[in-house]
Structure formats: C-alpha cells, structure tokens
Amino acid sequence: MKRICFIIILCCLCVVTVMAQRADYSKMSSMVRRATMEQKDTRRLAPSRNHRSASICAFVKITQDADQVLQENHCLKLAQFGNIYIASIPMSRLASLSMNKNVARIEAGERCTALMDTTHIINRTNLVHKGYYLPQAYTGKGVIMGVQDIGFDLTHPNFYDAKMENYRIKRFWDQLSPDSIYSDLYVGADYTTKDEILTYAHSRDGLKQGHGTHTLGIAAGSGYDTPFRGVAFESDICLVSNTVESDKEFIDSVDYYKYTSATDALGFKYILDYAEQEGKPCVVSYSEGSHQDFYGDDQLMYEVLDSLIGPGRIIVASAGNEGHMKTYFHKSPDEVSQGTFLNRYEKTFYFMVVADGPMDLRFVSYASKTRTDTLIIPSQRILEAPDSILRDTVDLLNQKHYFAFGAYPDCFDDSRMVYEVAIKTTERFGYAGYYLSAEIVGEGVDADFYAVSGSIQGKPSFNPDLTEGEYSHCIYSPGSAPAVICAGATAYRTGLNNYKGDYMASNWGENGVVARYSSIGPTVDGRIKPDVLANGTNVVSSYSSFYREEHPDEDSWDIAYSNYNDRRYPWRSDLGTSMSTPVVAGTIALWLEACPNLTPDDVRDVFAKTCIRHDPSLEYPNNTYGWGEIDAHRGLLYLLGLDGIQEITKEQPQRVQIAMRDQRIDFTFAEPLQEPVAVSVFTTAGTKVLQLSLPQGSTQSTADISSLPAGVYAVQLHSRQPGITGSVLIRK
C-alpha cells in the first residue's frame with residue numbers, strides 16, 4: 001500500500017537540504033521523490049558497484065518538446081497518452097528531468113496489494129456461494145477477457161473450452177519473467193502461442209501466489225468437470241502477471257523502481273492493444289489496489305486510464321476490503337476536539353489529518369483509567385520544521401514512542417493542509433493493556449481523520465468522550481478513478497462442507513446484502529464509489545496446482561479436485577472484492593457480446609436501470625451499494641430492448657434449468673409440475689414466435705424450435721407454482 005513506507009519517505013526527505021544537485025520536488029509524486037533522494041544518498045555514501053544502472057517506470061506530463069526532453073535525459077519512451085508519457089527514467093536523471101520547464105509532473109505509485117485477504121477476514125474459514133443464474137444467451141464469445149493479477153496456473157483445465165479442444169489463453173505477459181533478454185517489453189516477457197504458454201506453465205510467482213488463477217476462473221473459467229463455471233466462459237483470455245508488494249523477493253534491487261503503478265498501466269495497455277489488434281471488445285478485471293492519497297500520486301494514472309477506456313474498452317477494479325473497519329471521522333468547526341483510539345495488531349500505525357486551519361494533535365497513552373500520559377503537537381510546529389518534516393522520540397508511561405510528522409497542501413483543495421503521522425512503539429496498538437488515543441483539537445477548525453494502516457475504535461472505559469469512527473472513505477485506487485468501474489461485494493451463503501466433509505461456518509452477510517468487508521465510499525475527493533456490487537463472498541473457483549504443491553497443508557479451503565494430464569488441480573473457496581470484481585467484469589463481457597461498443601458510462605446506465613436494490617429505503621447511487629447489485633439477465637433485457645415487452649418478466653426462474661441443445665430447448669424442473677406451465681418465445685424485436693404448454697407432472701420437457709432462424713430469443717415461463725415464473729435468454 002502506498003503509505004506503508006511513510007517513515008522511510010520522511011527519513012529520506014530529511015536529507016534534501018544537504019544534497020548538491022537541485023531537484024523540483026513539487027513536481028514529483030511521493031514515490032518519485034523517495035527514489036530521487038535515495039539515488040542521491042546512495043551515490044554520496046556508497047557508489048554503486050552494479051554495472052546496470054537503475055531506472056524507474058513513471059508517468060511524465062510534458063507540455064512541449066517532449067521527444068527532446070526525454071532524449072536529453074536518456075529516457076526510454078514506453079507509451080504516450082496525449083501529453084502524458086510512460087517512460088523508463090534513469091534514476092540519475094530524475095532531478096534534472098524535474099528541473100526542465102516543460103515537465104509538469106513526474107508520477108509513480110507503489111505496487112498494489114492483492115485484494116483477497118482471506119485469512120485476515122475470515123480467520124481461515126471459507127465457504128462456497130452458489131452464484132448467479134446467468135443468462136444462457138451470451139457466454140463471452142467474441143470478447144476478450146483481460147485479467148491483470150498475480151499467481152497464474154496456466155495449465156489449469158479451467159482455461160480450455162468445455163470440450164477441452166480450444167485453449168483460450170491467447171496472450172500472457174509475465175512482468176517478472178526471467179526471459180527478458182529475448183523480449184521487446186519493458187520488463188519480463190510475453191508468450192503468444194499455446195505451446196509457449198503451456199510450456200511456461202505458471203507465472204514466476206506461481207509457487208508463492210494463486211490469486212490470479214482464482215479470479216480468472218470466476219471471470220472466464222469453463223468449469224471443466226465441476227459446476228464451478230465462470231461468467232464469460234467462452235471468451236478469449238489475455239493475461240498480465242504484474243507485481244504486488246509480496247512479490248519483492250523476485251525483483252533485483254537495481255530493478256526495484258521498474259515495477260510501479262506506471263508499469264501496471266502498461267499492463268492495461270497490453271491487454272487493450274491485443275483486443276484492438278483482434279478487432280474485439282474487451283473488459284479487464286483488476287483485483288488489486290492501494291490506498292488513495294492527498295499527494296495527487298494518482299492524478300496522471302487517472303488521466304491515462306481515462307484515455308485507455310472507451311467504446312468496447314472497459315476496466316473493472318476492486319473497491320477494497322476495509323468496510324468492516326472504522327477508519328474515518330470528521331471534526332466540525334463548532335467542536336473543540338474529536339478523537340478516538342488507535343487499533344492495530346502491529347507496532348506501527350499510520351494516519352492522515354486534513355484540516356483547513358491551525359490545530360493540535362493530542363496523544364494520550366493509557367495503562368488504566370487513572371494512569372495516562374500526554375503528548376501535544378501543534379500543527380504549526382510541523383509546518384515550521386525543515387521541509388515540514390518533524391521527528392520526535394517520546395516516553396509515554398515509560399514506553400518509547402517514535403513519531404514522524406509530515407505536512408503538505410491537499411492536492412484537491414490547496415486551502416487545506418494534510419498532516420501525515422507515523423507512530424512506532426514497542427507494543428501493539430489496543431492490545432496487551434496498551435492503548436493510545438489520537439485527537440484533533442482546535443475550535444473553528446474543520447478536519448478529517450483517515451486511518452491508513454489499522455483501524456480506530458472507542459474505548460469508553462478509558463475515555464467515553466473519544467468514541468469517533470465511521471465505516472467509510474476506504475475505497476482503493478484505481479477503483480477510485482472516475483473512468484474505472486469500481487466493484488464492491490455482496491454476501492449470500494454462510495456454510496459449506498469442504499472436500500474432506502468438514503463443515504465451516506462464517507457470516508459476512510446473507511441474502512445479497514453488502515458484505516461487511518466491502519469498502520465504502522466516498523472517495524477522498526467526495527465522489528460516490530463503488531459503482532456496483534456483485535457476490536464476492538465464499539466463491540468457488542480454480543486454484544493453482546503449483547501453489548498447492550508448495551503449500552499442501554492449506555487444503556482445508558479446497559472444495560474439490562480435478563485430474564488432468566496426470567496433475568491434480570484444486571477448486572477453492574475465497575472471499576473479497578477480489579472475487580466480486582471478476583463477476584462484474586465477466587457480466588460486462590456478456591453485455592459486450594450483445595453490444596460491443598458499450599462505454600463505461602453506458603455500463604453505468606445499465607446499472608442505474610437494472611441493478612437489484614436490496615435496501616429500498618436508500619437513495620441510489622450511494623457509497624455503500626453504488627447503483628446496487630449487478631443483474632446480468634436484467635442488463636441484457638435492457639440492452640436488447642426486451643424490458644419493454646409487458647409479457648416478459650425481469651426475474652429468472654429459480655426452480656427450473658433451461659438449456660439450448662441442438663434444435664430444442666430443454667427444461668429440467670426441481671420438482672414435478674403441479675399444473676401445466678405456459679411457455680412463450682419472443683424475438684429480440686418483441687414478436688412472439690412460439691407458444692406451448694408443458695404438461696402437469698413432468699420434471700423434464702422439450703420445446704422444438706428447429707423452424708426458427710438462428711438468433712437470440714427470450715423464453716418466458718408462467719406458473720402459479722413457486723420458482724417457475726421468469727424469463728431467460730437463449731441463443732440458437
């Protein structure tokens with residue numbers, strides 16, 4: 001996450017004044033500033049013995065003469081989006097590049113975090129969710145399903161078609177691949193044929209990670225010999241294996257800054273360029289993210305994503321998994337102070353305060369109701385410190401506390417100042433009898449508190465006045481980007497038997513309500529997010545056989561196994577917005593098959609008209625549900641214009657399975673029909689072309705449609721028997 005290196009950033013910033021080479025740090029994002037100062041400090045204290053020069057992948061906004069500016073600074077242009085460039089910049093040239101008058105900004109963000117958090121959220125218990133009844137008319141055929149993630153098992157049978165004849169992964173770029181000497185790509189290498197991909201077998205991190213195998217299976221898996229079929233199961237697949245914080249062990253230290261948010265943007269471009277080359281629409285699923293910030297570290301990233309996205313080019317990203325934690329509170333101007341207690345099962349804590357005027361930060365350490373110790377830091381003291389960086393070591397109740405404070409203007413409103421605080425102690429926050437409160441003090445000051453690592457909670461037994469804390473403002477980037485579809489998660493099933501027959505229970509919500517872990521908006525600049533929700537709780541999908549071989553003791557989460565080519569492949573249950581994101585992306589792939597030129601705004605219009613709203617008391621969109629829970633079937637009815645036909649209901653039948661086989665429609669009922677069932681078949685133009693009655697007492701029936709031309713049809717069933725009435729789409 002972007003703020004986890006805050007202490008390092010602050011320590012690096014303190015050396016600015018002693019450096020001889022000038023740099024314009026106001027043009028740099030925090031990661032670029034850190035890289036610049038680390039480079040200077042390294043050259044001054046310990047000249048490198050590595051013959052390879054270090055570089056950073058970054059966004060650069062250049063107002064004019066871009067080619068000359070990049071050439072003069074020995075930068076390699078990797079991509080262009082208007083006046084924004086993604087470039088490989090020699091670390092030794094960052095300072096001089098920043099001083100060029102035509103350079104407006106240099107930006108790179110930290111690597112993201114995979115948003116599954118299974119062990120953190122459910123304490124090693126996983127369940128399976130039945131999933132949606134998906135439309136049968138559209139399967140993703142003719143659409144490119146892109147997934148940028150980590151931990152891919154490229155050999156899993158889930159990524160063939162249902163007949164195991166067509167291998168559906170068409171392109172794979174592993175940004176950590178050691179085959180880079182033969183590659184034209186900036187990092188790693190790509191594999192473009194079936195034989196190349198299957199021979200490579202798994203992403204370089206595939207023995208340590210399995211996340212991407214799971215999310216890809218949800219979005220596009222065929223299911224192989226299981227019922228765990230993905231949403232767009234006939235789509236073609238293009239993959240990028242990027243890097244996250246836990247992948248650092250695979251990166252040479254000299255290449256550390258080659259893997260940034262700009263490199264992730266190159267991954268999105270790789271997938272969308274392949275789709276354009278194939279002349280097919282594309283949706284990209286991205287189940288990763290990092291905290292938003294007030295530096296503006298994502299502003300060029302957002303602009304690039306906006307230029308990448310368009311008709312038939314859509315990106316879906318996770319909202320995050322912090323909705324179950326209180327991380328935010330607001331202090332109004334008429335309040336003298338507001339505060340709370342810090343809570344984290346670690347020995348460091350990071351938070352931000354955004355204020356429109358002078359205030360104090362007050363910290364009180366508690367060992368009991370009467371034993372307290374206080375530290376007060378005026379904001380003016382931080383601002384007056386060199387480079388607005390203040391460090392202090394304080395004994396509170398005989399325990400060492402290491403504080404680091406930084407200050408800078410809010411990138412969204414320069415009349416407000418941002419104060420970042422990093423605290424390191426010898427005890428965990430809120431554990432083992434150690435408690436530390438944090439307060440914003442100052443009458444007339446309007447301020448917001450954001451916990452970046454850990455959470456906040458009241459401790460009334462210690463101080464009943466410090467109980468602030470809200471479940472909000474925790475959407476992750478790039479899901480927070482205006483152009484990106486941001487996916488939160490709902491919850492349904494609360495128990496299942498794993499492959500051993502052991503029953504595991506967990507309850508993060510049921511009946512389609514928002515899952516308690518699903519991150520909640522608004523964004524830090526006040527926009528409504530997420531855009532939409534989908535089931536993400538206890539979803540079963542493929543998992544990496546290579547990961548399982550390396551971690552055989554983690555099989556209690558596995559639901560089933562399949563055998564293929566003398567290998568044993570797991571199917572596992574997980575939860576998180578990592579799981580809801582590919583559900584949303586796969587559903588959009590179905591819609592793109594029907595309407596290949598859909599834009600993100602078109603998709604949001606479908607959400608507005610067709611989403612399921614489990615809480616009718618709320619106004620939509622809102623910062624918990626967005627527009628509501630995605631409904632693939634209603635969305636297709638709306639896009640095809642069928643929602644205006646009065647005889648077609650928007651609901652799908654729950655107690656009958658309807659399948660198209662050869663020249664007939666097969667109906668399989670969960671129980672014998674108590675009365676005849678009326679069936680009507682409509683064209684997408686709304687014309688009724690067939691009407692028949694299925695006999696009472698039957699559990700299986702067939703309708704012959706051999707006389708109808710090829711195309712898409714709506715099949716409507718009517719019955720007084722529960723679970724029978726509804727409509728589905730079929731394709732002949």
Side-chain angles (χ1 to χ4, degrees), residues 113-129 147 149-159 174 176 200-218 221 223-228 230 241 243-251 287-288 321 324 345-346 428 431 491 493-508 515 517 536-579 582:
T113 302
L115 294 177
M116 180 166 53
D117 293 347
T118 302
T119 55
H120 171 66
I121 296 174
I122 60 174
N123 298 318
R124 294 184 176 272
T125 58
N126 286 283
L127 315 168
V128 63
H129 177 66
V147 175
D149 210 318
I150 58 174
F152 290 105
D153 180 347
L154 305 170
T155 71
H156 204 293
N158 201 25
F159 308 133
D174 187 351
L176 289 172
Y200 192 67
H202 61 79
S203 55
R204 188 179 175 196
D205 61 7
L207 303 182
K208 302 275 188 177
Q209 312 280 3
H211 192 257
T213 309
H214 198 269
T215 59
L216 174 58
I218 295 170
Y224 187 46
D225 59 355
T226 75
F228 310 125
S241 184
T243 62
V244 295
E245 280 299 303
S246 56
D247 277 333
K248 285 190 289 188
E249 65 182 275
F250 301 105
I251 303 173
S287 293
E288 300 174 11
N321 296 332
H324 61 301
Y345 195 70
E346 300 290 344
R428 299 179 179 92
Y431 294 86
R493 185 167 291 186
T494 60
L496 100 152
N497 293 310
N498 66 10
Y499 84 102
K500 300 175 183 178
D502 297 333
Y503 183 80
M504 297 180 293
S506 176
N507 189 349
W508 288 90
Y517 57 78
T537 306
N538 311 317
V539 181
V540 178
S541 179
S542 47
Y543 212 70
S544 170
S545 63
F546 300 98
Y547 180 91
R548 179 58 67 244
E549 286 179 343
E550 291 291 310
H551 305 84
D553 295 335
E554 296 184 10
D555 63 347
S556 61
W557 303 336
D558 293 345
I559 307 306
Y561 286 91
S562 296
N563 293 307
Y564 179 67
N565 281 349
D566 298 323
R567 286 191 67 82
R568 192 168 184 245
Y569 292 91
W571 301 79
R572 165 172 151 162
S573 170
D574 277 321
L575 68 95
T577 55
S578 277
M579 281 68 250

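The first residue in the sequence is number 1, and the count goes up from there.
- Taking 4.5 Å as the limit, every side-chain heavy atom of F228 sits out of range of all side-chain heavy atoms of N158.
- The salt bridge (Lys or Arg N to Asp or Glu O under 4.0 Å) contacts involving residues 557-568 comprise R548-D558, E549-R567, where partners must be two or more places apart or lie in separate chains.
- Under a 3.5 Å cut-off, the side chain of T213 and the backbone N or O of D153 do form a donor-acceptor pair.
- Atom-to-atom distance recorded for Y543:OH and H551:NE2 is 9.0 Å, nearest 0.5 angstrom.
- Atom CG of D205 and atom OH of Y547 lie 11.5 Å apart (nearest 0.5 Å).
- In this structure the side chain of Y224 never reaches within 4.5 angstrom of the side chain of H156, judged on heavy atoms.
- From E346, atom CD reaches atom OH of Y431 across 9.5 Å, with rounding to the nearest 0.5 Å.
- Across all non-hydrogen atoms, the minimal contact from S287 to T215 is OG-CG2, 3.8 Å.
- The closest side-chain heavy-atom distance from S542 to Y569 is not below 4.5 Å.
- Considering only heavy atoms from C-beta on, D225 stays 4.5 Å or farther from Y564 through its side chain.
- To the nearest 0.5 angstrom, R572 atom CZ is 5.0 Å from W557 atom CH2.
- Panel note: side chain H214, backbone G151; no donor-acceptor pair is recorded below 3.5 Å.
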Item to complete: Take T537 and Y517 through the test side-chain hydrogen bond (donor to acceptor under 3.5 Å, both in side chains) and record every step on the way to the result.
Response: CA-CA 10 Å; T537 306; Y517 57 78; 2.8 Å; yes
Item to complete: Step by step, work out the side chain to side chain contact (heavy atoms under 4.5 Å, CB included) result for S562 and T226.
Response: CA-CA 8 Å; S562 296; T226 75; 3.7 Å; yes
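- Put simply, CG on D574 and CD1 on I218 are 8.0 Å apart, with the number rounded to the nearest 0.5 Å.
- Nearest heavy-atom pair, F152 versus G212, reported as atom, atom and distance to 0.1 Å: CE2-O, 3.6 Å.
- A salt bridge does not link R204 with D247: every distance from a Lys NZ or Arg NE/NH1/NH2 to an Asp or Glu carboxylate oxygen is 4.0 Å or more.
- No side-chain heavy atom of H202 sits under 4.5 Å from any side-chain heavy atom of T155.
- No side-chain donor from either of S203 and Q209 sits under 3.5 Å from a side-chain acceptor of the other.
- The backbone N or O of L216 lies less than 3.5 Å from no partner atom in the side chain of S541, so there is not a single donor-acceptor pair.
- Residues P570 and S544 approach most closely at CG-O, 3.8 Å, considering heavy atoms.
- One distance of note links CD1 of I559 with OH of Y499; it measures 10.5 Å at 0.5 Å rounding.
- Donor-acceptor pairing under 3.5 Å is recorded for the side chains of N321 and T577.
- Residues D555 and K500 form a side-chain contact, since some pair of their non-hydrogen atoms from C-beta on lies under 4.5 Å apart.
- When only modelled atom types and interatomic distance are considered, S578 and H211 share a side-chain donor-acceptor pair under 3.5 Å.
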